[in-house]
Amino acid sequence: MADLNTNVQYVKGVGPQKAKLLAKLGIETLRDLISWLPRRYEDRTELRQIADLVSGETAGVAAMIAETPTLSRIRQGMELVKVRAVDDTGTLDVTFFNQPWLRTQLLVGQVYIFYGKAEGNLFRKQMTSPVVELEGKQESTGRIVPIYPLTAGVSQLTLSRSIRQGLDAIRDILPDVLPDEVRLQHQLCRIGYAYENIHFPESPEALTIARRRLAFEELFLFTIGLMRLRNRREVVHIAPYKAVSLQPFLDALPFTLTDAQQRCVDEAISDMRSGTPMNRLCQGDVGSGKTMVAAACVYFAVKNGHQAAMMAPTEILAHQHFEGLSPLLEQFDIRCALLTGSTGAKAKREILSKLAAGEVDFVVGTHALITDTVAYQDLGLVITDEQHRFGVVQRASLAQKGCHPHTLVMSATPIPRTLALLLYGDLDVSVIDQLPPGRQPIQTIAVSGSYHPRIFNFIRQQVAQGRQVYIICPMVEDGEDGPDDRKAVTSYARNLQEAVFPDLKVAFVHGKMKSKEKDAIMSAFAAHETDILVSTTVVEVGVDVPNATVMVVENAERFGLSQLHQLRGRVGRGAHQSYCVLISDSKSDETRQRLRVMVKTRDGFQIAEEDLRMRGPGDFFGQRQHGLPGLKVADLGCDTRLLQEARQAAEALLEEDPDLSHHPATAARVEELFAQRSDTLN
């Protein structure tokens with residue numbers, strides 16, 4: 001008898017060949033198969049008459065084949081089947097590409113359902129390659145149809161049929177991991193009904209009921225897992241750090257910490273003095289001064305006799321932190337070192353030997369800090385910068401270099417509270433919600449592409465005053481995502497250099513370059529060897545260039561608000577007035593509304609909330625790297641009330657049954673979900 005871990009090739013109707021294709025999607029077990037959820041749905045229940053088809057709209061129509069289909073070969077590898085179908089109101093001309101078998105399958109006098117995009121005009125209706133099925137024998141029409149993410153060789157129909165077989169196979173073995181009392185209290189359907197109707201909905205209402213059940217279950221299990229992680233963490237006891245006055249450190253700063261910075265420092269020091277390992281996220285908008293919070297923690301840890309390490313996602317950022325922090329900390333006899341992939345062999349040997357002997361107190365670096373060759377004498381504090389650029393695996397790997405060190409995670413990505421609870425449920429959260437005094441607000445405008453001449457004039461004026469400029473494009477090379485009007489980094493930069501600014505220095509950088517090449521270009525820009533840097537979002541988390549005052553974003557509609565806010569934060573870091581220009585020719589009301597939010601507000605948290613409300617979490621960070629089980633059903637932008645309900649239910653269950661001994665199915669599923677990432681969550 002099958003169980004949920006049965007390989008899909010043994011599911012009736014799948015077999016080894018299909019299983020190979022499904023594996024490309026990550027579908028290997030029966031559970032993977034039934035959990036492969038549609039990304040959207042098409043309501044194909046309604047049929048129109050031919051006369052009512054509207055050009056450009058997708059619709060279904062029942063029509064009879066009026067003439068024998070014709071097959072023609074227009075060139076090598078291109079075959080056309082054309083057929084004429086009729087109903088009481090008119091004629092529909094249908095063309096199929098490279099489906100020659102339809103010539104013999106579509107029979108004169110039979111009624112078929114055609115579902116596709118209508119074309120043509122008032123007098124001549126057409127469709128090209130619609131879905132076609134014999135009336136009464138439909139699989140892909142006449143119902144609400146799920147549309148799944150696919151890979152080469154797997155069609156919607158293949159996937160849908162495989163899932164049908166999968167659901168039939170698990171009908172009697174699917175455990176319900178939600179305790180009955182929780183299910184009844186929150187008016188949720190049974191699990192079998194939920195899976196059946198998420199894949200083959202009987203009606204829009206059934207789909208809503210199924211989705212709510214699966215989203216609740218996901219958030220419920222997720223919350224239980226995080227609460228257990230937190231509880232596991234809090235039982236570790238370590239020697240509390242002693243009280244050390246921070247006054248000498250604060251007196252050495254050329255400015256006074258803001259109240260928000262001071263609060264974050266106090267929270268972190270209170271953690272380090274508590275006798276359990278700190279696990280804190282310090283969230284602050286671009287330029288809010290997170291690095292100084294980190295520096296105060298380093299001072300406190302080293303003065304308590306421990307080593308500290310800070311890991312940055314790029315060599316440039318590591319260099320920047322080192323150059324900013326070492327002169328400050330060395331005043332207090334704190335010995336600092338920089339360790340990256342490009343540190344020379346001799347220097348590296350020396351640093352490694354000093355770290356192991358405890359002769360380096362604070363090391364800044366990249367992934368080089370977590371390689372096997374690095375050993376610390378007594379690592380007491382681990383700081384990771386730009387957390388979402390690291391897998392949690394890497395955060396954990398650095399922490400494993402010490403014996404329960406304190407962990408401080410810094411992020412310049414403002415995350416709405418609901419999302420922070422989930423993504424960082426195993427962390428305490430500190431928020432720096434004010435900017436240092438004296439920062440000039442960045443002037444932001446949103447304009448159409450017709451403003452290019454004026455924008456280029458403005459760039460020239462800024463460069464003449466000695467300033468520098470970023471220009472962001474959403475693509476690397478022309479035609480990368482098919483032919484459209486998106487600006488490509490390479491050709492855009494070439495055109496800019498040759499046709500617009502032949503007398504200025506233009507460089508470009510993108511994510512497909514090797515790290516060393518990227519770092520060299522960014523360093524040259526930081527050193528003012530180039531005037532204009534054309535880039536993809538690779539600069540979103542990047543080097544600090546106080547002299548850069550203009551950020552131009554092409555096709556701004558293609559970026560999330562939080563990403564636009566991050567990009568805007570690349571300028572406005574020096575004493576000069578800075579500007580952000582968002583260019584978009586999109587006519588969409590939603591785009592205009594989103595860009596208005598950017599023009600109107602500079603508060604990253606407000607922008608993040610708005611982003612979440614407008615487009616759901618999508619992939620809030622560009623890449624799912626936080627190391628927690630992914631959410632497949634729940635949408636944190638829309639399901640905040642459901643999240644609260646699920647959290648309350650999880651808290652109540654754990655209070656009554658802390659080790660879930662009375663709820664073995666729930667315990668097993670939580671273990672399974674988190675075991676997939678067990679190395680990341682400790």
Lys/Arg-Asp/Glu bridge criterion (N-O < 4.0 Å) met for Arg263, Asp259:
no
Pair Arg213 + Glu218, salt bridge at N-O below 4.0 Å:
no
Have Asp32 and Thr29 got a donor and an acceptor in their side chains that come within less than 3.5 Å?
yes
Just wondering, do Val382 and Lys401 contact through their side chains at under 4.5 Å, heavy atoms?
no
Any heavy-atom pair between the side chains of His306 and Met272 that's under 4.5 Å?
no
Which atom of Glu46 lies closest to which atom of Asp43, heavy atoms considered:
N-OD1, 4.5 Å
What pairs with Gln648 under side chain to side chain contact (heavy atoms under 4.5 Å, CB included), at least two apart in sequence or on another chain?
none
Evaluate the criterion salt bridge (Lys or Arg N to Asp or Glu O under 4.0 Å) for residue pair Glu196 and Arg164; output intermediate values, then yes/no.
CA-CA 9 Å; Glu196 183 65 35; Arg164 176 70 276 156; 2.8 Å; yes
Angle class for the Tyr195/His199 ring planes (parallel below 30°, perpendicular above 60°, tilted otherwise)?
parallel
Going through the distances and angles, do Leu654 and Leu660 end up as a side chain to side chain contact (heavy atoms under 4.5 Å, CB included)?
CA-CA 7 Å; Leu654 285 177; Leu660 297 178; 4.0 Å; yes
Could you check whether any side-chain heavy atom of Leu22 comes within less than 4.5 Å of a side-chain heavy atom of Trp36, counting everything from C-beta outward?
no
So do the side chains of Ile432 and Cys282 get within less than 4.5 Å of each other, counting heavy atoms only?
yes
Is it true that a side-chain atom of Asp271 and a backbone atom of Asn279 form a donor plus acceptor pair closer than 3.5 Å?
no
Smallest separation among heavy atoms of Tyr241 and Ala301, with atom names
CE2-CA, 3.8 Å
Atom CG in Leu33, atom CD in Glu28: separation rounded to 0.5 Å?
12.0 Å
Measuring from atom CG of Leu653 to atom CD of Glu651, what distance do you get when rounded to the nearest 0.5 angstrom?
11.0 Å
Using a 4.5 Å cut-off on heavy atoms from C-beta on, say whether the side chain of Arg273 contacts that of Phe300.
yes
Can you list the steps and then say if Val61 with Asp52 is a side chain to side chain contact (heavy atoms under 4.5 Å, CB included)?
CA-CA 10 Å; Val61 66; Asp52 297 333; over 6 Å; no
Side-chain heavy-atom pair Leu178, Ile191 within 4.5 angstrom cut-off
no
Distance-only donor-acceptor check, side chains Arg280 and Ser430, under 3.5 Å:
yes
Using side chain to side chain contact (heavy atoms under 4.5 Å, CB included), reason through Leu381 and Met278 one step at a time and then give a plain yes or no.
CA-CA 9 Å; Leu381 172 66; Met278 166 167 77; 3.8 Å; yes
Before you tell me yes or no, could you show the steps for Tyr41 and Ile198 under side chain to side chain contact (heavy atoms under 4.5 Å, CB included), namely the whole-Å CA-CA distance, both residues' side-chain angles and the distance that decides it to 0.1 Å?
CA-CA 10 Å; Tyr41 297 84; Ile198 205 84; 3.5 Å; yes
Locate the shortest heavy-atom distance separating Arg212 from Gln187; write the atom from each residue and the value.
NH1-O, 3.3 Å
May I ask you to say whether Glu133 pairs ionically with Arg44, meaning some side-chain N is under 4.0 Å from a carboxylate O?
no
Only one of Ile144, Ile163, Val145 passes side chain to side chain contact (heavy atoms under 4.5 Å, CB included) with Phe200, and that residue is Ile163
If you round to the nearest 0.5 Å, how far is CD of Glu671 from CD1 of Ile224?
11.0 Å
Is the shortest side-chain heavy-atom distance between Val597 and Leu561 below 4.5 Å?
yes
Determine yes or no for a side-chain-to-main-chain donor-acceptor pair under 3.5 angstrom, with Ser35 supplying the side chain and Arg31 the backbone.
yes
Glu645 versus Gln185: any side-chain heavy-atom pair under 4.5 Å?
no
Of all residues at least two apart in sequence or in a different chain, which pass the ring pair (Phe, Tyr, Trp, His ring centres under 6.0 Å) check with Tyr115?
none
dist Glu135:CD -> Ile113:CD1 (nearest 0.5 Å) comes out at 4.5 Å
For residues Gln156 and Pro146, report the shortest heavy-atom separation together with the two atoms involved.
OE1-O, 3.9 Å
Value for CG (Leu595) from CD (Glu557), rounded to nearest 0.5 Å, stands at 8.0 Å
I'd like to know if the side chain of Ser270 reaches the main chain of Asp266, judged simply by a donor and an acceptor atom lying under 3.5 Å from each other, with no hydrogens or angles considered.
no
Identify the two heavy atoms, one from Ala268 and one from Cys297, that lie closest to each other, and give their separation to 0.1 Å.
CB-SG, 3.6 Å
Heavy-atom closest pair, residues Val182 and Leu188:
O-CD1, 4.5 Å
Evaluate the ring planes of His186 and Phe216, with Trp represented by its six-membered ring, and classify them as parallel (under 30°), tilted (30 to 60°) or perpendicular (over 60°).
tilted
Test your reading of the model: is there a side-chain donor-acceptor pair from Thr666 to the backbone of Val177, 3.5 Å cut-off?
yes
Arg183/Asp180 salt bridge by N-O under 4.0 Å criterion:
yes
I'd like to know if the side chain of His662 pairs up with that of Asp657 as donor and acceptor (distance under 3.5 Å, no hydrogens or angles considered).
no
Can you tell me how far apart NZ (Lys117) and CE (Met127) are? Round to the nearest 0.5 Å.
11.5 Å
